[in-house]
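Just the heavy atoms: all of them, side chains too, but no hydrogens, waters or symmetry mates, feed the values below. We're numbering straight along the sequence, starting at 1.
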Amino acid sequence: MGSALAADKNAMKPALVTTASGIVAGRAHDGVVSFKGIPYAAEPYGDNRFKPPQPPPAWDGVREAFEYGPCAPQPNTYSLVDATPLYPWGTDCLSLNVYTPDPGAARLPVMVWVHAGGYISGGASTSRADGSVFAREGVVVVAMNYRLGVDGFLSVPGGIANAGMHDVVAALRWVSDNIAAFGGDPDAVTVFGNSSGSAIIAAIAKTAAGEGLIHRAVLQSPCPTLVVGAAEGRAIAKRVLADLDVGTDPRDIPLRELLGRRQRALDVRFRDARRWHPYTYWFSPYLPVVDETLFTDSALSELIPPSVDLLIGTNRDESRYFLMRNGQFTSATEQDLIDAQNSYDVPEACRAAARSLYGHLPLGEQLAETVTNWIWRGPAIELTHLHAKSGGNTFAYEFTWQGSPAFDGRYGAAHFLEVPFLFGQLDDPAFAPQVGPDAPADLGSALRRGWIQFARSGDPGWPRYDDERRSVMTFDTSCRVEADPREYHRAAWDAQLEKSTP
């Protein structure tokens with residue numbers, strides 16, 4: 001870490017690294033050198049709009065990588081999270097950030113963060129995705145922006161499907177070609193992400209592993225079954241574009257106006273969730289599409305190849321945050337519960353099991369368990385089982401810390417709650433309602449320790465998952481390994497897997 005420490009002593013002397021496109025200058029702070037806003041692909045607008053990511057332009061001299069690049073164009077932010085713009089956006093958005101303990105080091109493990117945001121918002125250009133807390137532990141961290149919404153996840157006629165996922169693959173190719181210059185090992189790359197970010201990882205894993213771009217994956221609260229087929233993707237695109245009043249081609253509509261229309265369309269969609277697609281419920285119409293090039297098969301058994309080490313898990317109360325924000329947790333009716341089960345095509349046997357397991361609970365809690373199990377917990381358990389069964393190196397976890405007592409535990413261990421712990425962002429005001437003033441920082445240290453050990457060796461420090469014991473690390477105020485802690489959920493909600501696999 002000599003280079004970083006030397007740079008810290010003289011902040012006026014930036015660290016220089018040569019990439020394939022040119023020299024970048026980074027800044028050192030507190031034992032970490034950061035390089036921000038490095039383009040990994042050309043601006044994806046103008047002539048490049050709705051096309052695969054194009055090579056980044058080269059530059060002469062030294063490019064200062066001191067400030068974040070713009071995030072992908074998006075409405076202010078995800079309607080269910082906040083009404084305040086969080087991510088300044090721009091059209092030249094395909095950039096990434098690198099955090100390294102020492103650019104002069106050699107073959108440090110690499111961790112690549114894929115941000116969440118429901119495929120419509122978010123970005124890596126924020127302190128909330130600052131990888132410094134990991135870099136101080138001796139790993140090189142990369143976080144990228146990628147196209148969102150209409151441009152990234154809508155099958156626009158004449159455009160490429162899954163453009164946002166193609167962007168992520170392009171960023172991984174950049175990592176493979178350039179990360180050694182930052183002290184990283186291109187043969188030890190771990191991708192990690194939460195929610196839609198981890199679903200993107202699952203969708204591109206086979207392609208990325210086939211090119212030697214990734215070696216390990218951490219899937220935090222993945223939603224890998226929220227995808228659509230090619231024909232359905234085209235039908236959804238037609239309906240969305242009509243709703244946005246842009247016919248079949250949004251190219252001629254000014255971008256800011258298009259984003260304004262998207263925001264209005266999202267507001268309408270939240271009032272009538274099932275108008276878009278029956279399986280999204282209150283999710284966005286912008287979803288990964290099974291295509292002929294990148295994401296060729298949505299079957300869970302075809303996602304993470306056994307050659308890729310896998311660490312996977314969910315939070316105990318994934319859906320509560322969403323249901324509380326839209327009021328359904330407290331106002332749910334019997335019809336809401338039926339609508340949710342119909343949306344997910346829940347078999348009658350599983351509905352009966354749900355009545356047995358949760359029928360004594362208030363309807364809001366029954367609805368929360370239904371949504372949690374069918375979007376997150378059930379697919380994650382199945383993917384864990386299938387990866388282990390295929391001979392993969394598989395580890396499982398569950399995050400169960402309940403959050404701030406100020407809300408009487410109603411949020412529970414909600415979706416995304418592990419992320420501020422993981423990145424050491426417990427003092428961020430945006431997370432205050434959930435984490436509260438007395439959140440245990442040691443819990444974040446435990447999460448990072450497991451993730452970093454996994455990135456280094458393929459072993460996070462607890463037993464592998466297998467069919468005999470089904471070991472799961474439970475992260476709470478006291479962390480412990482449990483054998484099949486969700487056995488009753490698995491029996492109720494994984495019925496289709498139990499029928500199809502011996």
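- Not counting sequence neighbours, D427 has no partner by the side-chain hydrogen bond (donor to acceptor under 3.5 Å, both in side chains) test.
- Taking the salt bridge (Lys or Arg N to Asp or Glu O under 4.0 Å) definition, one finds that R464 meets it with nothing, sequence neighbours left out.
- In this view, H415 and F322, W376 satisfy the ring-ring contact (aromatic ring centres under 6.0 Å, His included) rule, not counting sequence neighbours.
- For F421, the ring-ring contact (aromatic ring centres under 6.0 Å, His included) partners at least two apart in sequence or on another chain are F399, W401.
- L443 has its side chain within reach of F475: a pair of non-hydrogen atoms, C-beta onward, lies under 4.5 Å apart.
- Counted by atom type alone, S471 and R469 present one or more donor-acceptor pairs between their side chains at under 3.5 Å.
- Considering only residues two or more places apart in sequence or on other chains, Y68 meets the ring-ring contact (aromatic ring centres under 6.0 Å, His included) condition with none of them.
- Side chains of L213 and V189 form no contact here, defined as non-hydrogen atoms less than 4.5 Å apart.
- By the 4.5 Å heavy-atom criterion applied to side chains, R316 and R377 are counted as neighbours.
- Counting non-hydrogen atoms of neighbouring residues, nucleotides and ligands closer than 6.0 angstrom, the CD atom of Q335 exceeds 12 such neighbours.
- Between K389 and E382, none of the side-chain N atoms (NZ, or NE/NH1/NH2) sits under 4.0 Å from a carboxylate O, so this pair counts as no salt bridge.
- Distance check, rounded to the nearest 0.5 Å: CD of Q453 to CG of L311 gives 11.0 Å.
- From R128, atom CZ reaches atom CH2 of W113 across 13.0 Å, with rounding to the nearest 0.5 Å.
- Looking only at side-chain heavy atoms (C-beta outward), L303 and P224 come within less than 4.5 Å of each other.
- Among H387, H215, R216, the single residue meeting the side-chain hydrogen bond (donor to acceptor under 3.5 Å, both in side chains) criterion with D309 is R216.
- Considering only residues two or more places apart in sequence or on other chains, D476 meets the salt bridge (Lys or Arg N to Asp or Glu O under 4.0 Å) condition with none of them.
- The two residues A209 and P305 come nearest to each other via the heavy atoms CB-CG, 4.0 Å.
- Residue pairs that meet the side-chain hydrogen bond (donor to acceptor under 3.5 Å, both in side chains) test with at least one member in residues 293-307, sequence neighbours left out, are K206-E302.
- Applying the salt bridge (Lys or Arg N to Asp or Glu O under 4.0 Å) test to E137 and every residue at least two apart in sequence or in another chain returns nothing.
- Judged purely by distance below 3.5 Å, without hydrogens or angles, the side chains of H385 and D467 pair a donor atom with an acceptor atom.
- Residues Y358 and N373 have side chains that bring a donor and an acceptor to within less than 3.5 angstrom of each other.
- For the pairing with V114, the side-chain contact (heavy atoms from CB on, under 4.5 Å) check across V142, I204, L172, V168 returns one residue only, V168.
- Taking both residues in full, the closest heavy atoms of P157 and L241 are given as CD-CD1, 4.0 Å, listed atom of the first, atom of the second, then distance.
- Listed by chain and number, the residues in a side-chain hydrogen bond (donor to acceptor under 3.5 Å, both in side chains) with D442 amount to none (sequence neighbours excluded).
- If you take CZ on F192 and CD1 on I452, they are separated by 9.0 Å, rounding to the nearest 0.5 Å.
- Nearest heavy-atom pair, H115 versus Y146, reported as atom, atom and distance to 0.1 Å: O-OH, 2.7 Å.
- Checking each of T384, L383, T314 against L219 for a side-chain contact (heavy atoms from CB on, under 4.5 Å) leaves exactly one that passes, namely L383.
- Within the 4.5 Å cutoff, no side-chain heavy atoms of S221 are placed close to those of S198.
- Contact annotation: the side chain of H166 approaches that of I160 to within less than 4.5 Å [non-hydrogen atoms, C-beta and beyond].
- For T372, the side-chain hydrogen bond (donor to acceptor under 3.5 Å, both in side chains) partners are S319, not counting sequence neighbours.
- Distance CD/Q328 to CG/L337: 10.5 Å, rounded to 0.5 Å.
- Taking F153 as the reference, Y119 meet the ring-ring contact (aromatic ring centres under 6.0 Å, His included) condition, with sequence neighbours excluded.
- Applying the salt bridge (Lys or Arg N to Asp or Glu O under 4.0 Å) test to E468 and every residue at least two apart in sequence or in another chain returns nothing.
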